[in-house]
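Report on the following structure.
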There are 2 protein chains.
Amino acid sequence: MARTQGSHSDITGPRIRAAALQLFAQHGYAAVSMRQIASAVGVQAGALYNYTPDKQSLLFSLMEGHMTELLAAWRAQDSDNRGDGQDAAGQVMARLEAFTRFHIRFHLERPDAVFIAYMELRNLSEENFVAIEALRREYEDALQSILRDGVRLGVLNVPDPKIATLAVIAMLNGVMTWYRSGGRLSLEEVESIYWDMVRKSVQA
Amino acid sequence: MARTQGSHSDITGPRIRAAALQLFAQHGYAAVSMRQIASAVGVQAGALYNYTPDKQSLLFSLMEGHMTELLAAWRAQDSDNRGDGQDAAGQVMARLEAFTRFHIRFHLERPDAVFIAYMELRNLSEENFVAIEALRREYEDALQSILRDGVRLGVLNVPDPKIATLAVIAMLNGVMTWYRSGGRLSLEEVESIYWDMVRKSVQA
DNA sequence: GTTTTATCTGAACGTATGTTCAGATACGGT
DNA sequence: ACCGTATCTGAACATACGTTCAGATAAAAC
């Protein structure tokens, strides 16, 4: 029968995903065994196959979940930020700043998922890889359209919008390699530092 | 007795390293077996142990070799570029441009080694990790000192030199994720596009 | 041409892998 | 209290792993 509320399997599934996420991020997909994941959850390896058909699907599901969440979160926030009664040029800058801060905040809150989404692409099957790449491109397009709008309005100046998009995202992703919460800088300060550099790098 | 010229082992060693580099970059260290490497060289797995004490040392040797080469290449070029008879401010900008172009060129010529050096850090033993990180920091310090000089002279303005260093390097590293030789843009064009963005992002 | 040395093979070692499945277990619905 | 089912165990499967080593082989030294 279909599971109803309160079944303990409703908690085991997420626990497996959480354990796999942490272990994949720490040691890498190929270096983590199903037995390690099972042991982290407190279960035997065979039990995992009630929740995933195989190891590869588990990886894909984690990556797809992350990318979907990322896209949904940005779209929710972006639609909120539209039409704040500014002029078009001001609105582009506001959206660019919002994107910068959103990207940093969202990614710093999910270091493990981000790590996996960028490092384990080569461990995906061909079709799974294509699916993840499509989601990534969708996200990049969000930034790219902002940059294009800015160029059209003359408030931004980039040599090549596609490359500028990738360059800005690469720069923002760099924050993941060094930021640790409780360190020298607050999240707000980090956001502002990067926003300053992003703004200047694409400004007219 | 020590090997003398012409021993075929003088060619087998490099061939093993080249095969390991390519396979590690493509599939990841953990996913590549000693038998795969041996097979790519045309030899049995046991023979590899005449050239490396174990798999881990092979990985470390590749990473250390790459980082050492990177540092040596930059130092050679940087010392050439000093004292071109410009004023101090102009010299800082020249060095920053040289660093930007050097970084892109050097890394695009060695995509496999770069990939490994950034992705396989977690597969290093503790002591090997520390050694590689020290080399990386040395390289980052090269850029950081340029930025500091620029700030001191008032020609650059960055909120935080350490973070700006990491941000610029992250941005430049992003080129590896999309550039393919023979594509839409020449190496020279790519260098110029990134130099434009780097210059603006740190300018006063 | 014989000895010495460097290199490679081929098999073996113990251990680990992803996955399957029959049987045990514990829960939800009635 | 009982049944039906969702879940877990524990063992097994075939296969792969890193590494070792005795013996074969080929090259270098004299």
Side-chain angles (χ1 to χ4, degrees), chain A residues 1-24 26-63 116 120 122-126 128, chain B residues 1-24 26-63 116 120 122-126 128:
Chain A
M1 190 184 212
R3 291 187 240 132
T4 54
Q5 88 178 41
S7 168
H8 66 256
S9 69
D10 289 340
I11 198 69
T12 305
R15 289 222 301 148
I16 290 172
R17 296 171 61 84
L21 194 75
Q22 194 267 319
L23 287 168
F24 287 166
Q26 185 168 9
H27 306 291
Y29 171 78
V32 172
S33 71
M34 295 300 268
R35 284 169 180 83
Q36 282 176 62
I37 299 171
S39 159
V41 178
V43 102
Q44 293 294 104
L48 301 183
Y49 290 84
N50 289 314
Y51 302 90
T52 184
D54 50 39
K55 194 188 174 190
Q56 159 84 200
S57 304
L58 180 54
L59 173 64
F60 174 69
S61 166
L62 291 172
M63 293 175 74
I116 290 171
E120 305 295 355
R122 62 184 166 191
N123 287 308
L124 291 176
S125 68
E126 186 56 30
N128 285 348
Chain B
M1 191 179 211
R3 291 188 240 131
T4 55
Q5 88 179 43
S7 168
H8 67 255
S9 68
D10 288 341
I11 198 67
T12 305
R15 290 222 300 149
I16 290 172
R17 296 171 61 85
L21 194 76
Q22 194 268 317
L23 287 168
F24 286 165
Q26 185 169 10
H27 305 292
Y29 171 78
V32 172
S33 71
M34 294 301 267
R35 284 170 180 82
Q36 283 176 63
I37 299 171
S39 157
V41 179
V43 103
Q44 293 294 104
L48 301 183
Y49 291 85
N50 288 314
Y51 301 90
T52 183
D54 50 37
K55 194 187 174 190
Q56 159 84 202
S57 303
L58 180 54
L59 173 63
F60 174 69
S61 167
L62 291 172
M63 295 175 74
I116 291 172
E120 304 297 354
R122 61 183 165 192
N123 287 307
L124 291 175
S125 68
E126 185 58 29
N128 285 347

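Atom set for the values below is all heavy atoms of this structure, side chains included, hydrogens, waters and symmetry mates excluded.
Taking atom CZ on B/R15 and atom P on C/dT7, their separation rounds to 15 Å, with Å as the unit. Going from atom CD1 of A/I37 over to atom C1' of C/dT19 covers 13 Å, rounded to whole Å. When the C1' atom of C/dT7 is taken as reference, atom CD1 of B/I16 falls 11 Å away, rounded to whole Å. The CD atom of A/Q44 sits 15 Å away from the C1' atom of C/dA22 (whole-angstrom rounding). Distance B/D54 CG to D/dT20 P: 8 Å, rounded to the nearest Å. Here D/dG18 presents its P atom at 13 Å from CG of B/L59, a figure rounded to the nearest Å. Nucleotide C/dG18 holds its P atom 8 Å from the OH atom of A/Y29, rounded to whole Å. We find that CG of B/L48 is positioned 14 Å from C1' of C/dG10, with the value rounded to whole Å.
Taken from CG in A/L58 to CG in A/L48, the straight-line distance is 8.0 Å, to the nearest 0.5 Å. Atom OG of A/S61 is separated from atom CD1 of A/I16 by 11.0 Å, given to the nearest 0.5 angstrom. Rounded to the nearest 0.5 Å, atoms NZ (A/K55) and CD1 (A/I37) are 6.5 Å apart. The line from CD of B/Q22 to CD1 of B/I116 is 9.0 Å long, rounded to the nearest 0.5 Å.
Closest to the side chain of A/R35, from the set D/dT19, D/dA12, C/dC8, is D/dA12. For B/Y49, taking side-chain heavy atoms from C-beta onward, the closest of the listed nucleotides C/dT19, D/dT9, D/dT19 is D/dT19. Counting only heavy atoms from C-beta on, A/K55 has its side chain closest to C/dT19 among D/dG10, C/dT19, D/dT7. Nearest nucleotide to the B/Q36 side chain, out of D/dG10, D/dC17, C/dT19: D/dC17. Checking D/dC17, C/dG18, D/dC8 against every side-chain atom of B/S33, the shortest atom distance belongs to D/dC17.
Nucleic acid contact for A/V41: none, since no nucleic acid atom lies under 4.0 Å from a heavy atom of the residue.
Here the shortest heavy-atom pairing between A/L23 and A/Q36 reads CD1-O, 3.8 Å.
Along DNA chain C, the nucleotide nearest A/M34 and the nucleotide nearest B/A45 are compared for position; the residue whose nucleotide lies closer to the 5' end is B/A45. Taking for each of B/G42 and A/P53 the nucleotide of DNA chain C with the nearest heavy atom, the 5'-most of the two is the partner of B/G42.
A/T12 has a side-chain polar atom (N or O) that falls below the 4.0 Å cut-off from OP1 or OP2 of D/dC8. Taking side-chain N and O atoms only, B/T52 has no distance below 4.0 Å to OP1 or OP2 of D/dT19.
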